[in-house]
Protein chains: 2
Amino acid sequence: MATIGDVAREAGVSRSTASYALSGKRPISEEVRQRVLAAAEALAYTPNAGARALATAQTKVLGLLAQFHEDEFAPAMMQYILGVTNTARDLGYDTLLVTEADGVRALRRVTDSRMVDGVVLMNVAQDDARLPVLRAAPQPGALVGLPGDCSGLDVFDLDFAEAGRVMVDHLHRLGHRELILISHPEHVVERGGAYVWRLRDAALERARQLGVTLHAVYGESRQPAVGRLLNGLLDAYPAATGLLINNEAVAAALPSVTYARGLRVPEDLSVIGRYSADFAATFSLSYSFIESAPDRLGSMAVRQLVRRVESAQARAEPFVVRFISPELVSRESTAPPRPHTR
Amino acid sequence: MATIGDVAREAGVSRSTASYALSGKRPISEEVRQRVLAAAEALAYTPNAGARALATAQTKVLGLLAQFHEDEFAPAMMQYILGVTNTARDLGYDTLLVTEADGVRALRRVTDSRMVDGVVLMNVAQDDARLPVLRAAPQPGALVGLPGDCSGLDVFDLDFAEAGRVMVDHLHRLGHRELILISHPEHVVERGGAYVWRLRDAALERARQLGVTLHAVYGESRQPAVGRLLNGLLDAYPAATGLLINNEAVAAALPSVTYARGLRVPEDLSVIGRYSADFAATFSLSYSFIESAPDRLGSMAVRQLVRRVESAQARAEPFVVRFISPELVSRESTAPPRPHTR
DNA sequence: CCCGATCATCGAACCGGTTCGACGATTGCG
DNA sequence: CGCAATCGTCGAACCGGTTCGATGATCGGG
């Protein structure tokens with residue numbers, strides 16, 4: 001493999017001149033520049049990433065730390081990852097995907113060894129053990145997901161609280177007065193999944209203000225428990241006319257349940273979900289839903305991260321916590337409730 | 001950040017001694033070794049990855065090149081990726097995930113710049129433009145997916161041909177004499193997705209031998225086209241009693257179609273799919289299926305790749321093409337056909 | 001008691017880039 | 001015509017590791 005020394009020799013100049021000719025960081029005569037470029041081309045020269053990293057203290061690689069929990073819905077994760085890798089590449093960075101179970105150790109490894117210029121953390125929990133490590137790291141970091149303490153890091157997330165309010169408002173406006181909200185399983189909350197209660201608490205509060213009855217329950221993440229749960233709820237609350245779903249697995253399972261019970265949406269039951277458009281397409285879901293925009297969140301996190309990586313000035317700016325506003329995508333799965341109950 | 005020079009000074013030894021004490025590549029007195037280890041611990045020393053890569057010509061990073069096509073089923077991809085990243089980490093490697101649309105350019109970049117010690121290629125097409133580049137690269141490479149020309153690379157894939165035969169055999173043995181096989185969309189074949197016709201041609205051949213009528217058709221990848229297709233086929237071939245599905249999107253959509261038509265599986269229609277167990281769980285599919293074992297394939301590819309990376313002897317071994325035998329997971333979605341047609 | 005083998009450690013070179021300061025050759029001006 | 005400013009190029013140092021050959025100390029054997 002050709003080194004810059006080979007290029008320099010081929011062009012008949014010193015190594016430093018070759019370097020300057022290629023980088024343009026100092027004026028080089030047009031003639032010499034052309035000779036160097038031709039030599040580099042002829043030898044198919046590509047700079048050695050390790051050597052460059054050593055010299056410049058920049059790797060042009062970002063770390064992406066994702067955690068995969070048994071009870072989480074893997075298909076949703078792919079969207080986040082693609083948002084990150086594609087945006088990173090557009091900005092000139094490659095992505096080191098780390099899925100190690102021990103996130104703290106993994107984070108330490110990639111930051112301490114200077115493998116990456118910055119880190120994106122996914123699946124951030126309320127009290128995430130990785131956060132203190134990331135704050136202490138020399139590289140900047142960005143989070144997808146809202147933790148309890150946002151200090152020292154840029155944070156990006158969907159505004160789950162507002163999402164909960166939008167859902168309740170929408171069905172209240174149509175005339176519904178008794179709703180069911182199905183969240184993630186309880187152990188997701190115990191693990192620190194704050195998005196569960198952020199949406200839930202805001203929805204309960206808004207329902208209270210509006211005088212709407214809201215049955216908020218924890219969900220399941222796997223079949224056949226999901227189906228049992230749905231049937232149980234529809235039996236238990238026969239007067240409920242609307243269903244709010246903050247749980248991908250439940251949303252995916254709902255069509256077969258309504259089919260089996262002979263329920264029609266929205267005539268017998270209004271439904272609003274919270275997931276991504278891509279998820280809806282994959283599972284052929286035709287419910288109105290609040291777009292959770294995973295690719296956009298991943299992309300935003302990377303953009304901010306790269307800004308901080310590349311500019312000392314940006315690094316000095318105050319940290320941001322940016323919420324994406326929930327956007328309700330209408331698929332006509334909601335309608336005024338029928339005068340009599342289901 | 002502490003360097004090995006800092007550790008050496010703290011321990012009162014030379015840099016080389018510190019290096020040997022930490023690596024154990026030369027005998028070092030127990031007393032000095034302890035001093036160096038203590039110093040490294042005290043300073044929280046972690047070797048700089050770039051410097052080490054430069055010195056050793058090893059990065060301890062593998063490249064994972066994946067391509068995401070609009071018409072492909074993203075959820076399935078996640079399994080492959082996890083198989084690769086988790087196995088790589090177990091073996092001491094991190095994974096650079098590259099999803100760039102221009103796979104050839106991406107591959108060139110990561111290999112020429114020596115960012116990675118080896119490369120796993122996913123979504124390999126019949127005549128994949130990345131293959132000549134990978135063969136010419138100094139790093140070893142492993143493929144997930146069977147191309148037309150396997151020379152110079154290790155290849156891992158499901159035995160799709162055998163899968164097709166197993167499907168036909170199984171239903172023939174139960175007494176079925178007219179079947180429908182739904183493959184991927186035609187443009188997947190045009191793009192070089194050989195697994196489509198590998199399964200299809202073998203199934204047709206076996207059906208011919210057994211005197212079974214097999215209607216082999218291309219599928220769709222999105223709703224509502226998938227639903228239309230299924231209904232159209234069931235109308236067009238009323239005498240067909242079995243359905244073979246080599247297409248994730250079609251498998252995921254089938255339950256709602258059979259529901260709507262009032263068809264019962266397996267009483268009215270026998271079904272066999274080809275997907276992963278994880279996919280079945282995610283989509284709550286209860287059909288018998290041929291396990292495509294994406295995580296196992298990713299894992300196998302990485303193991304072989306790392307063997308070649310780490311041992312000159314392994315590098316000299318002949319290249320392998322390894323097929324996973326299709327395993328039929330029974331979920332009781334097949335039964336003898338009813339005496340009269342559907 | 002001296003010599004050679006063994007052992008632990010050190011210094012220097014190297015991996016392949018980047019960057020700083022210096023230097024010689026032009027050029028422009030008085 | 002001589003001197004200063006400008007321009008282009010070069011050599012050397014540096015980034016932070018690893019590794020080779022050399023060196024001095026310790027040991028055992030004759």
Side-chain angles (χ1 to χ4, degrees), chain A residues 1-37 39-40 43-61 109-117 138-139 310, chain B residues 1-37 39-40 43-61 109-117 138-139 310:
Chain A
M1 207 84 225
T3 73
I4 200 167
D6 300 330
V7 172
R9 191 172 332 108
E10 176 86 7
V13 299
S14 72
R15 291 201 306 150
S16 54
T17 299
S19 177
Y20 286 124
L22 290 169
S23 72
K25 292 190 179 173
R26 272 196 187 179
I28 293 288
S29 71
E30 185 56 25
E31 185 225 328
V32 168
R33 211 178 67 84
Q34 289 303 337
R35 272 213 322 269
V36 171
L37 259 47
L43 300 175
Y45 167 72
T46 307
N48 179 299
R52 177 170 275 178
L54 184 54
T56 62
Q58 281 215 8
T59 62
K60 288 292 181 176
V61 173
R109 178 163 44 79
V110 299
T111 55
D112 285 359
S113 69
R114 303 305 238 272
M115 296 178 82
V116 299
D117 293 338
Q139 298 96 335
E310 297 190 340
Chain B
M1 206 84 227
T3 71
I4 200 167
D6 300 330
V7 172
R9 194 174 328 109
E10 176 85 8
V13 298
S14 72
R15 292 202 304 150
S16 53
T17 300
S19 176
Y20 285 124
L22 291 168
S23 71
K25 293 190 180 173
R26 272 196 189 181
I28 294 286
S29 71
E30 186 54 27
E31 184 225 329
V32 169
R33 211 178 66 84
Q34 289 302 337
R35 273 214 320 271
V36 171
L37 259 47
L43 300 174
Y45 167 73
T46 309
N48 180 300
R52 176 170 277 180
L54 183 54
T56 62
Q58 280 216 11
T59 63
K60 288 290 179 178
V61 172
R109 179 163 44 79
V110 300
T111 55
D112 286 359
S113 69
R114 304 307 238 272
M115 298 178 80
V116 299
D117 293 339
Q139 298 95 336
E310 297 191 339

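Each chain gets a letter, A, B and so on, in the order its sequence line appears, and its residues count up from 1. All figures in this text were calculated on a predicted structure; none of them were measured in a lab.
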Which value, rounded to the nearest 0.5 Å, describes the distance between A:Asp112 atom CG and B:Met1 atom CE? 4.0 Å
Distance in Å, A:Leu54 CG paired with A:Thr59 OG1, rounded so as to fall on 0.5 Å steps: 12.0 Å
End axis versus end axis in the helix from C:dC1-D:dG30 to C:dG30-D:dC1, the angle rounded to 10°, five pairs used at each terminus: 60°
Scanning both residues in full, the closest heavy-atom pair of A:Ser113 with A:Arg109 reads OG-O, 2.8 Å
Taking the side chain as every heavy atom from C-beta outward, state whether [X] and [Y] have any atom pair closer than 4.5 Å.
{"X": "B:Arg33", "Y": "B:Glu30", "value": "yes"}
{"X": "A:Asn48", "Y": "A:Thr3", "value": "no"}
{"X": "A:Asp6", "Y": "A:Glu10", "value": "no"}

Listed once per pair and sorted, the salt bridge (Lys or Arg N to Asp or Glu O under 4.0 Å) pairs that draw on residues 47-61 of chain B, sequence neighbours left out: B:Lys60-B:Glu310
Protein-to-nucleotide contact annotation, 5' to 3' order, nucleotides 10-19 of chain D [B base; S sugar-phosphate only; - none; under 4.0 Å, heavy atom]: BBBB-BBBBB
